[in-house]
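Data block below; observations after.
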Amino acid sequence: MTSKTCDFPGARFVPSPNHGERVGGRTPDMIVLHYTGMETGASALDWLCREESQVSSHYFVHEDGRVDQLVPEERRAWHAGKSFWKGETDINSCSIGIEIANAGHPDGLPDFPEAQIEAVAELCRDCGQRWQIAPERVLAHSDIAPIRKVDPGEKFPWDVLFRRGVGHWVEPAPVAGGRFFQRGDQGQPVEALQSMLSLYGYGVEITGDFCQKTEGVVAAFQRHFRQSRVDGIADVSTIDTLHRLLLALPKLNA
C-alpha cells in the first residue's frame, strides 16, 4: 500500500508491522477513538510503528490535521486491548482504530486543535460511509474499556463531531440537585440504571448493586456524554442524558 492507495484519500502511508487477520472474516462496524497519551506526537507515532510495542491503529491524526494510515482497513490493528461493547469482546476484529495525537491526562488534558478535530471528523465520515458504520458505534476507548482506559478524555469535543455528521449525541442535561445513586447503593433503581447502560452497549452486569465496576461505567458514560462532571455518581443529569440517548437510537424507534 502506498500513499496513493490508502483507504482514506487524504492519508500518508506510514506502515506499522502490528496487525493480523480480522477473525472470522469480520468487517469494520465500529470506530474507536483514542488519544496517544505520550509527550509528543512523533514519539507516539514511532511507538505505534515499532514491532516491539505490539500496538497499532489504522490511523494517526497529527495536531495539525495531517493523517497517516498505519494499517490497511481490511486488517486487524491492535488498538483496543481487553474490551467489550454490546456482547462483542474482540473489538479489534470489528473496528477501525484512530489514534489522535494528544498528551492526555498525564499532561493535564491539553485542548484538541480545531484542525485536528476537523480532520478526525472527515476521516470518521469517510470510514463510516465506506463501511456503513452506525453513528452510535463511533466510540471512545473509555467506552469499551471503562476503568482501564480514560481516552480520548472528557475534553474531547464529541458535540463538535456530531455537528460534523459523526457519532451519536444529545445535549446533556445540566447538572443540578435531586436524587442520585453511587457506590454502595442497592436495589431496583440501580438495576434499572445498569439495564439502561447495558442496553446502550456498556459492559456492566445487572445485579442491583452499585459496585466499583458500575461506578467506572458511569464515569465512562459521563466522560463521553456528560463531560461537565465526571465522578461516577449517577445523578439526575446523567440518568436523563442516558435515557434520551436510548430514545434516540434508531432501533428503539423502529
Side-chain angles (χ1 to χ4, degrees), residues 30-35 37 79-92 94-95 97 104-106 109 134-156 158-159 162 167-252:
M30 181 186 302
I31 296 172
V32 179
L33 302 184
H34 310 252
Y35 67 40
H79 62 97
K82 185 177 180 180
S83 50
F84 177 97
W85 192 258
K86 279 190 173 291
E88 178 66 60
T89 56
D90 184 4
I91 301 297
N92 284 337
C94 64
S95 66
H105 289 82
L109 276 179
E136 64 271 18
R137 291 179 73 82
V138 180
L139 299 166
H141 198 189
S142 54
D143 289 320
I144 63 171
I147 302 176
R148 188 174 69 85
K149 293 294 182 180
V150 294
D151 57 308
E154 54 269 31
K155 288 180 69 175
F156 186 77
W158 293 98
D159 57 334
F162 181 71
H168 190 225
W169 181 262
V170 298
E171 191 64 28
V175 176
R179 190 175 180 188
F180 58 83
F181 305 105
Q182 59 188 353
R183 197 198 297 197
D185 288 341
Q186 295 181 327
Q188 192 279 328
V190 173
E191 184 177 331
L193 168 67
Q194 292 169 330
S195 297
M196 292 168 66
L197 288 164
S198 177
L199 183 60
Y200 196 77
Y202 288 94
V204 59
E205 295 182 9
I206 303 169
T207 63
D209 176 20
F210 202 116
C211 58
Q212 181 183 10
K213 180 63 180 290
T214 301
E215 181 182 70
V217 170
V218 170
F221 173 83
Q222 293 168 336
R223 193 165 273 116
H224 186 154
F225 295 107
R226 207 289 305 274
Q227 298 174 314
S228 59
R229 182 186 294 171
V230 179
D231 57 9
I233 296 173
D235 58 2
V236 173
S237 166
T238 301
I239 295 170
D240 178 73
T241 304
L242 172 58
H243 182 246
R244 287 185 291 112
L245 279 164
L246 287 168
L247 290 177
L249 286 174
K251 58 182 172 296
L252 294 185

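Please read these numbers as outputs of a predicted model, since none were measured by experiment. For reference, positions follow the sequence shown, starting with 1.
- Looking only at side-chain heavy atoms (C-beta outward), I144 and E88 stay at 4.5 Å or farther from each other.
- Between Y35 and V150 the shortest side-chain heavy-atom distance falls below 4.5 Å.
- The closest side-chain heavy-atom distance from T214 to F181 is not below 4.5 Å.
- Side-chain contact between Y200 and L249 is present, with heavy atoms from C-beta onward closer than 4.5 Å.
- Pairing each heavy atom of D143 with each of A220, the nearest pair is OD1-O, 3.8 Å.
- Although no hydrogens or angles enter the test, the distance criterion places a donor-acceptor pair under 3.5 Å between the side chain of Q222 and the main chain of I233.
- Atom CD1 of residue I147 and atom OG of residue S142 lie 11.5 Å apart, to the nearest 0.5 angstrom.
- Residues W158 and P152 have side chains in contact (heavy-atom distance under 4.5 Å, counting atoms from C-beta outward).
- Using modelled atom types, one side-chain atom of K155 and one backbone atom of L109 make a donor-acceptor pair closer than 3.5 Å.
- In terms of modelled atom types and a separation under 3.5 Å, the side chain of K213 and the main chain of P146 share no donor-acceptor contact.
- Atom CZ of R137 is separated from atom CD1 of I31 by 11.0 Å, given to the nearest 0.5 angstrom.
- More than 12 heavy-atom neighbours from other residues, nucleotides or ligands sit within 6.0 angstrom of CZ on R244.
- Between S95 and V32 the shortest heavy-atom distance is CB-CG2, 4.1 Å.
- Among the candidates V218, L197, L193, the single residue satisfying the side chain to side chain contact (heavy atoms under 4.5 Å, CB included) test with V204 is L197.
- Looking at E154, its side chain never comes within 3.5 Å of a backbone N or O of Q227 through a donor-acceptor pair.
- Heavy-atom minimum distance, G81 versus N92: N-ND2, 4.2 Å.
- Q212 is listed as a side-chain neighbour of R183, based on a closest heavy-atom distance under 4.5 Å.
- At a threshold of 4.5 Å between non-hydrogen side-chain atoms, the residues V138 and H168 do not count as touching.
- The shortest non-hydrogen separation linking K86 to L199 is NZ-O, 2.8 Å.
- Note on ring orientation: taking the six-membered ring where Trp is involved, the planes of Y202 and W85 are perpendicular (angle over 60°, cut-offs 30° and 60°).
- In this structure, OG in S198 is found 11.5 Å from CD in E191, a value given to the nearest 0.5 Å.
- Formation of a donor-acceptor pair under 3.5 Å by the R148 side chain with backbone atoms of K82 is found in this model.
- In terms of modelled atom types and a separation under 3.5 Å, the side chain of Q182 and the main chain of F210 share no donor-acceptor contact.
- Considering all non-hydrogen atoms of both residues, G203 and F84 come closest at CA-CD2, 3.3 Å.
- Going from atom CG of D209 over to atom CD of Q186 covers 5.0 Å, rounded to the nearest 0.5 Å.
- Using modelled atom types, one finds no donor on one side chain facing an acceptor on the other under 3.5 Å when comparing T241 with R226.
- Side-chain contact check for E136 versus P250: some heavy-atom pair is nearer than 4.5 Å.
- Formation of a donor-acceptor pair under 3.5 Å by the D235 side chain with backbone atoms of F180 is not found in this model.
- Here the shortest heavy-atom pairing between I239 and M196 reads O-CE, 4.0 Å.
- At most 12 non-hydrogen atoms from other residues, nucleotides or ligands lie less than 6.0 angstrom from NE2 of H243.
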